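All of these numbers come straight from a predicted model, not from anything done at the bench.
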Amino acid sequence: DHPEYPWLGVLVGMPIASIWYWCTDQVMVQRTLATREEPVAKRGTVFAGWLKISPMFTMVLPGLIAAALFPDEIGKDSNQAYVLLVIHVLPAGWIGV
C-alpha cells in the first residue's frame, strides 16, 4: 500500500483518465469525423496521436537524461534537472538562446 499511489485509485482512476485522454479528445474526434474517406480519417487520428505523445519527448526525456547524467544532484532536488542540463551539456553559445 503506497501512500501517494493507492492501488484502488490506480486501478480505477488510470483507465478512466486514459480512455478520456486517448479516446474522447475533440481533436481526434474532429479529424475522424471531418473527412469523407476512411483512410484519411485513420491517418488524421494517427497524426493527432503523435501530436499527443510528442510532449513526452520534450518534457520527460530531458528529465530522464538529467537523472542519468547527474544522479546525485537530481536526488537532492529534481527541479534542477533542466538547469543542470543547460549549464553542463549545452555549448557556451547556446546558453540563453
Side-chain angles (χ1 to χ4, degrees):
D1 213 17
H2 196 275
E4 294 180 19
Y5 302 107
W7 67 271
L8 183 61
V10 172
L11 187 67
V12 174
M14 288 293 195
I16 293 170
S18 297
I19 288 172
W20 171 80
Y21 185 78
W22 288 105
C23 298
T24 62
D25 183 26
Q26 192 63 26
V27 173
M28 288 186 175
V29 173
Q30 283 178 343
R31 286 188 184 277
T32 303
L33 296 177
T35 184
R36 295 181 184 149
E37 301 174 13
E38 185 178 349
V40 176
K42 289 179 181 180
R43 285 195 304 262
T45 304
V46 169
F47 178 68
W50 278 107
L51 289 177
K52 286 186 83 145
I53 215 166
S54 63
M56 193 259 322
F57 296 107
T58 60
M59 290 185 278
V60 175
L61 200 57
L64 291 174
I65 292 170
L69 292 176
F70 312 107
D72 297 331
E73 292 89 345
I74 298 298
K76 293 176 189 171
D77 184 14
S78 61
N79 291 326
Q80 294 297 316
Y82 183 72
V83 175
L84 288 169
L85 285 176
V86 168
I87 292 172
H88 296 290
V89 176
L90 284 179
W94 282 93
I95 296 176
V97 173

Report summary line: The complete set of side chain to side chain donor-acceptor pair (under 3.5 Å) pairs with one or both residues in residues 53-75, sequence neighbours excluded, reads none
Query - Leu11 reachable from Ile16 in the ILVMFWY side-chain graph, under 4.5 Å edges - result: yes
Query raised in the report: Taking a hydrophobic cluster as the set of Ile, Leu, Val, Met, Phe, Trp and Tyr residues connected by side-chain heavy atoms closer than 4.5 Å, whether directly or through intermediates, do Ile53 and Phe47 fall within one such cluster?
Result: no
**Report entry** Path from Val86 to Met59 over hydrophobic side-chain contacts below 4.5 Å
**Finding:** no
Report task. Mind checking salt bridge (Lys or Arg N to Asp or Glu O under 4.0 Å) for Glu37 and listing every partner two or more places apart, or none if nothing turns up? Result -> none
**Report entry** ILVMFWY cluster, Val12 and Trp7 together (side-chain gap under 4.5 Å)
**Finding:** yes
Using distance only, find each side-chain donor-acceptor pair of residues 39-46 under 3.5 Å and give its atom names and separation, not counting sequence neighbours.
unit_1 : atom_1 : unit_2 : atom_2 : d
Lys42  : NZ     : Glu38  : OE2    : 3.4
Thr45  : OG1    : Thr32  : OG1    : 2.7
Thr45  : OG1    : Ala41  : O      : 2.9

Query raised in the report: Hey, quick one: are Leu51 and Met56 part of the same hydrophobic cluster, counting side-chain heavy atoms closer than 4.5 Å, chains of contacts allowed?
Result: no
Query raised in the report: If you look at every heavy atom in Ala66 and Leu85, which pair is closest and at what distance?
Result: CB-CG, 3.9 Å
